[in-house]
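Predicted, not measured: the structure shown is a model, and the values here were computed from it. Each chain gets a letter, A, B and so on, in the order its sequence line appears, and its residues count up from 1.
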There are 2 protein chains.
Amino acid sequence: MKHDLEYCTVEPALEVLTGKWKISILYFLFQGTKRFSELQNSIPNITKKMLTSQLRELEEQDIVRRVVYPVVPPKVEYSLSEYGYSVEPILRAMHLWGMTHIKHIQLKREIQKVQT
Amino acid sequence: MKHDLEYCTVEPALEVLTGKWKISILYFLFQGTKRFSELQNSIPNITKKMLTSQLRELEEQDIVRRVVYPVVPPKVEYSLSEYGYSVEPILRAMHLWGMTHIKHIQLKREIQKVQT
DNA sequence: CAGTATCCCCGCTGATACTG
DNA sequence: CAGTATCAGCGGGGATACTG
């Protein structure tokens with residue numbers, strides 16, 4: 001671990017990933033191109049408003065690509081941009097730690113049980 | 001990139017890292033043990049209340065260790081727990097991406113300038 | 001179908017004052 | 001020094017209704 005100002009540069013990543021629905025959206029987009037309604041159906045409880053705003057932010061950051069088909073009824077497809085795929089290592093690292101963290105929590109609970 | 005339910009497990013990591021001051025606190029604790037006042041002085045604009053609550057959360061998650069010295073005036077030292085060091089790969093991945101993201105943004109701005 | 005437009009609430013955060 | 005206690009503000013997010 002370096003001790004210089006390195007870790008000041010984690011904010012952009014945090015900004016891209018935080019937001020109540022970003023991770024879920026990214027998760028489904030990593031599976032491939034999705035329509036607006038597909039995303040809405042895949043993610044329980046999300047409102048159109050939230051889905052729209054989160055997608056717009058991801059689009060703004062060049063993570064997500066938005067393609068509008070000029071047909072009636074409207075059809076809009078969302079997919080990860082090439083740049084969007086570059087966040088994968090972060091998600092991987094978070095996933096890995098998440099798994100061990102779950103084990104950590106379980107172990108902790110068992111220890112607490114034994115102690116009581 | 002695997003296409004199964006893997007990425008559902010990133011939430012714990014996000015939970016540990018989000019919060020307005022967590023990253024800053026972690027950043028300084030990666031440098032070594034710090035007293036409460038040292039952290040407060042290192043992080044501009046943070047209030048005691050916020051510093052306390054964020055540290056309490058990190059402590060709750062076993063990331064941060066809190067040692068109270070029973071002296072007058074009080075002395076409390078904070079440091080990363082051994083488990084706390086396990087978040088380093090995440091911070092590294094985020095840092096790495098953050099650096100390229102900054103370049104990405106600069107490149108984008110230059111392209112926009114040329115186009116106008 | 002894929003969004004906007006409004007209204008509203010609650011919880012995070014800040015400011016300030018107090019304390020062992 | 002290292003915190004609590006209390007009050008107040010603001011904005012992210014939810015519910016609902018409307019639209020091209």
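Using a 4.5 Å heavy-atom threshold, the side chains of B/Trp97 and A/Ser86 count as touching. Taking the side chain as every heavy atom from C-beta outward, B/Val67 and B/Val76 never approach each other to under 4.5 Å.
Between B/Glu88 and B/Arg92 a salt bridge is recorded (basic side-chain N to carboxylate O distance below 4.0 Å).
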* Would A/Arg66 and A/Glu77 satisfy salt bridge (charged side-chain N to carboxylate O under 4.0 Å, His left out), going step by step from the backbone distance to the final call? -> CA-CA 6 Å; A/Arg66 179 173 179 263; A/Glu77 281 186 348; over 6 Å; no

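Connectivity analysis of hydrophobic side chains (ILVMFWY, heavy atoms under 4.5 Å, direct or indirect) links A/Leu96 to nothing; its cluster partners are none.
Within residues 45-52 of chain B, the residues approached by DNA chain D to less than 4.0 Å at the level of any non-hydrogen atom are B/Lys48, B/Lys49, B/Thr52, in residue-number order. Contacts between residues 53-70 of chain A and DNA chain D, defined by a heavy-atom separation under 4.0 Å, are absent.
In terms of heavy-atom proximity, B/Met50 sits nearest to B/Ile46 at CB-CG1, 3.9 Å. Minimum heavy-atom separation, B/Leu58 to B/Ile25: CD1-CG2, 4.0 Å. Nearest heavy-atom pair, B/Glu82 versus B/Arg65, reported as atom, atom and distance to 0.1 Å: N-NH2, 3.7 Å. Nearest heavy-atom pair, B/Gly84 versus B/Phe30, reported as atom, atom and distance to 0.1 Å: O-CZ, 4.3 Å.
Remark: A/Lys34 is not positioned above the aromatic ring of A/Phe28, lacking an NZ or CZ atom under 6.0 angstrom from the ring centre and at most 45 degrees off the axis.
In this model, the phosphate group of D/dG12 is not approached by any side-chain N or O of A/Trp21 to a distance below 4.0 Å at OP1 or OP2.
Within 6.0 Å of CD in B/Glu38 there are more than 12 heavy atoms belonging to other residues, nucleotides or ligands.
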* To do: State the dot-bracket string of DNA chain D. Criteria: Watson-Crick or G-U wobble, both atom distances under 3.5 angstrom; notation: ( ) intrastrand, [ ] crossing earlier pairs, | interstrand, . unpaired.
  => ||||||||||||||||||||

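Every residue two or more places apart in sequence or in another chain was checked for a salt bridge (charged side-chain N to carboxylate O under 4.0 Å, His left out) with A/Lys49, and none qualifies.
With a heavy-atom cut-off of 4.0 Å to chain B, the contacted part of DNA chain C has its first and last nucleotide at C/dT13 to C/dG20.
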